Amino acid sequence: MNAQALIDVARTLVSDDRGLLAMDESNPTCNKRFAEAMIAQTQESRRAYSELLVTAPGLGKYISGAILYDETIRQRTQDGVLFTDVLAAEGIVVGIKVDVGAKSMAGHPGERITEGLDGLGERLAQYHRQGARFAKWRAVLALGAGRPSRGCMEANAQALARYAALCQEAGLVPVVEPELLMDGDHALDLCGAATEDILWTVFDQFRIQGVALEGLILKTNMVLPGLACPRQPTPDEAADATAACLRRVVPAAVAGIAFLSGGQSGELASARLNALNARSRSRLPWPLTFSFARALQTPALKIWGGARANVPAAQQALLHRARCNRAARRGEYDAAMDRG
Ligand code: 13P
């Protein structure tokens, strides 16, 4: 492992007020989104959509890294150029999702454990040869009666730490994603307490497994109430709850924190990221950025609808959200950017 090379990549991922484009939906998830938008669920539609995303003109101004899926990392544009080469030419670091999904966890009804450690070392070496310099692994935790349980948190945290150690050994920066879902009607403070507990468990495992904090990115949820909670916070309230939680648990050595969007609208995700940076940027040790899928892609997917003629308009919609989020990193996003 070249520790300095890892640190350099991790710093690049959070540099210049840019963030990550998560475009690593598994085929089933991608097909589900396509079905909702009445788009054909074929390998060619998935390829065409990924081409639309990676060839959006000037994407590298806002996006530092793109997270691909196993199918996508091998794909090419219609003109025969590998997506990985298109991204590299834009100054965008290639990332790859390497977990194989969250499965029902034995002995823990309603909870899930993320799988994919078997053979991971060899897969990482292959992805590195294909140009990937960072990876992603997502653990999913739900909030409810007795959940997340200690058993679920510890098993997922250990898997995240082993994944992170394997990545660093293979020369890839691990993006470590423990996601507490927004499903439910729980209040903001419950999400804060559970997120804190999860992150404590994850960082404890990093220490046990010898993960280098300087060479990783934490991808986590913002502290927010459940989507069905009647009392929704202002962006400032959400930002303060999130900053308080992270300050208690995340070591200063971590290279950066990139938030997932988790089902928030694009506008809300930008407003909350903006409030975080506007209120806390100078008082927190890590850059706070975005690693959104839905909050970057949803308008673009709707506009595209599977039609080639809509590609330029869809790309503009993607670039608009990317621009809003770069502004949010600077604390300069204004809802007016999303009006008109
Ligand atoms: P969302 O931003 O849609 O939550 O997706 C982020 C992600 O990468 C999930 O693993």
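Predicted model only: the values in this text are computed from it and were never measured. Atoms within a ligand are numbered from 1 in the order they appear, just like the ligands themselves.
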Practice item. Mark up the atoms of ligand 1 that fall under 4.0 Å of a heavy atom belonging to Ala22, in ascending order. Key: 8 (O)
Review point. In the protein, what heavy atom is nearest to atom 5 (O) of ligand 1, and what distance, to one decimal place, separates them?
Key: Ala293 CB, 3.3 Å
Exercise for review: Say whether Gly262 and ligand 1 are in contact under the criterion: heavy-atom distance to a ligand atom below 4.0 Å.
Suggested key: yes
Review point. To the nearest 0.5 Å, how far apart are CZ in Arg294 and CZ in Arg33?
Key: 5.0 Å
Check your understanding: Once you round to the nearest 0.5 Å, how far does CZ of Arg326 lie from CD of Glu332?
Key -> 9.0 Å
Review point. Quick one: does ligand 1 sit under 4.0 Å from the side chain of Arg294, the backbone, both or neither, non-hydrogen atoms only?
Key: both
Study note, to complete from the structure: among protein heavy atoms, the one nearest atom 10 (O) of ligand 1 is Lys136 NZ, 2.4 Å
Revision key, fill the gap. Minimal heavy-atom distance between Val223 and Cys245, with the atoms involved, is CG2-CB, 3.9 Å
Check your understanding: For atom CZ of Arg162, is the number of surrounding heavy atoms from other residues, nucleotides or ligands below 6.0 Å larger than 12?
Key -> no
Review point. Mind checking whether Leu260 has an N or O less than 3.5 Å away from an N or O of ligand 1?
Key: no
Practice item. Could you tell me which atoms of ligand 1, counted from 1 in the order shown, lie closer than 4.0 angstrom to a heavy atom of Phe292? Key: 2 (O)
Practice item. Would you mind running through ligand 1 and noting each atom that sits below 4.0 Å from a heavy atom of Lys219? Key: 6 (C), 7 (C), 8 (O)
**Study point:** Side-chain donor-acceptor contact under 3.5 Å, Glu177 with Thr220
**Key:** no
Practice item. Select one of side chain, backbone, both or neither to describe which atoms of Ser261 lie under 4.0 Å from any atom of ligand 1, heavy atoms only. Key: both
Practice item. Write down the atom of Pro225, the atom of Arg231, and the distance for their closest heavy-atom approach. Key: CG-O, 3.8 Å
Practice item. Can you label the angle between the Phe292 ring and the Phe290 ring as parallel, tilted or perpendicular, going by 30° and 60°? Key: tilted
